[in-house]
Visitor: 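Input: one structure, supplied below.
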Amino acid sequence: MSIIETGATLHEAHRDNHTHRDVNGGWLRPAVFGAMDGLVSNLALMTGVAGGAASQQTIVITGLAGLAAGAFSMAAGEYTSVASQRELVEAELDVERRELRKHPVDEMEELAALYVARGVEPVLAREVAMQLSRDPEQALEIHAREELGIDPDDLPSPTVAAVSSFGSFALGALLPVLPYLLGAAALWPAVLLALAGLFACGALVSRVTARGWWYSGLRQLVLGGTAAALTFGLGSLLGAAV
């Protein structure tokens, strides 16, 4: 007996089993990469200072300063970048909106030509373009998707980007400092906690990639650990030379 017996059942089975990963990353990708950036940069900064035989107080102050400076820098950079991108997109949408208002027939023919280029028969392409162009807002959305590759209803928010970058970076940068704030007197607890955080972040990245969680976790752990070891060695050399 066939499991899939009707067209409706086939459609439902295909819908339930034909799913894709979030290729745009959604909130996960910027959050995880922001946290990893905070982890690696602050861990490397603290190990570099520790390698120079600095005092515990100096290491803690360095870590907290690195957390604050990095988080504010990330937030400002993300806000400026996303705001500039959004302004550019809105300017292009205004251009397209004016063209649709001034030359509706030409824009309709342009849309039809796009469909023809994708293999649709000319008569059908023109009919589809004509129907889609009846609603000005729908026409703008379709032209934006087809010509600019953007969704006018899903533009990024500079404020959301800035806040999420600030929070994720600060959270990641806090991990190497946390053992000291809880009373640790040596560097190794901070390094162990930071490396565990790097593995966890790398494992989370596997949700937006085709790699296994263990591979992504180990890769990030090795990269972050290498950065920390190199800066510790550099700090030791500079500490001996100064």
Visitor: Please report the shortest heavy-atom distance between Glu90 and Leu155, naming the atom on each side.
Guide: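 Smallest interatomic distance, heavy atoms only, reads CG-CD1, 4.1 Å.
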
Visitor: Should Leu43 and Leu64 be regarded as members of a common hydrophobic cluster, given that ILVMFWY residues are connected when their side-chain heavy atoms come within less than 4.5 Å of each other, either directly or indirectly?
Guide: yes

Visitor: Is there a path of hydrophobic side-chain contacts, each under 4.5 Å between heavy atoms of I/L/V/M/F/W/Y residues, joining Leu67 to Leu198?
Guide: yes

Visitor: Please report the closest heavy-atom contact between Pro122 and Val116, naming both atoms and the distance.
Guide: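 That closest heavy-atom pairing would be CA-CG2, 3.7 Å.
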
Visitor: Pick out which of Thr62, Thr231, Leu238 makes a side chain to side chain contact (heavy atoms under 4.5 Å, CB included) with Val49.
Guide: Thr62

Visitor: Charged N to carboxylate O under 4.0 angstrom, Glu107 versus Arg101?
Guide: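 The answer is no: the pair does not qualify as a salt bridge.
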
Visitor: Looking at every non-hydrogen atom in both residues, tell me the closest pair between Cys201 and Leu39 and how far apart they are.
Guide: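 Heavy atoms of Cys201 and Leu39 come nearest at SG-CD1, 4.2 Å.
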
Visitor: Just so I know, are the side chains of Glu110 and Glu99 near enough to count as touching, which here means a heavy-atom distance under 4.5 Å?
Guide: no

Visitor: Please name the pair of heavy atoms, one in Gly224 and one in Val40, separated by the smallest distance, quoted to 0.1 Å.
Guide: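 So the two residues come closest at CA-CG2, 4.2 Å.
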
Visitor: Determine whether Ile59 and Leu178 fall in the same hydrophobic cluster, where Ile, Leu, Val, Met, Phe, Trp and Tyr are linked whenever their side-chain heavy atoms lie under 4.5 Å apart.
Guide: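 They do share one cluster, since a chain of ILVMFWY contacts under 4.5 Å joins Ile59 to Leu178.
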
Visitor: To the nearest 0.5 Å, tell me how far Ser41 OG sits from Met74 CE.
Guide: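 It is 8.5 Å, given to the nearest 0.5 Å.
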
Visitor: Answer yes or no: are there more than 12 heavy-atom neighbours, outside Tyr79 itself, under 6.0 Å from its atom OH?
Guide: no

Visitor: Yes or no on side chain to side chain contact (heavy atoms under 4.5 Å, CB included) for Leu100 and Arg97, after CA distance, side-chain angles and deciding distance?
Guide: CA-CA 5 Å; Leu100 284 168; Arg97 191 177 284 108; 5.7 Å; no

Visitor: What closest approach, in Å, do Val120 and Ala125 show between heavy atoms, and which atom pair accounts for it?
Guide: CG1-N, 3.6 Å

Visitor: Using a 4.5 Å cut-off on heavy atoms from C-beta on, say whether the side chain of Thr58 contacts that of Ser55.
Guide: yes

Visitor: Could you grab the distance from atom CG of Leu93 to atom CZ of Arg86, nearest 0.5 Å is fine?
Guide: 10.0 Å

Visitor: Using a 3.5 Å distance criterion without hydrogens, assess whether the side chain of Ser133 forms a donor-acceptor pair with backbone atoms of Ala129.
Guide: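 Yes.
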
Visitor: Could you tell me whether a side-chain N or O of Ser165 sits under 3.5 Å from a main-chain N or O of Ala162, the two making a donor and an acceptor?
Guide: no

Visitor: If you look at every heavy atom in Leu195 and Leu221, which pair is closest and at what distance?
Guide: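 Minimum heavy-atom separation between Leu195 and Leu221: O-CD1, 3.8 Å.
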
Visitor: Mind checking whether Tyr180 and Gln56 have side chains closer than 4.5 Å, heavy atoms only?
Guide: yes

Visitor: For a side chain to side chain contact (heavy atoms under 4.5 Å, CB included) with Met108, tell me which candidate from Met130, Arg134, Gln131 qualifies.
Guide: Met130

Visitor: With rounding to the nearest 0.5 Å, note down the distance linking CZ in Phe72 to CZ in Phe169.
Guide: 11.5 Å

Visitor: How long is the straight-line distance from CG of Leu204 back to CE of Met36, given to the nearest 0.5 Å?
Guide: 9.0 Å

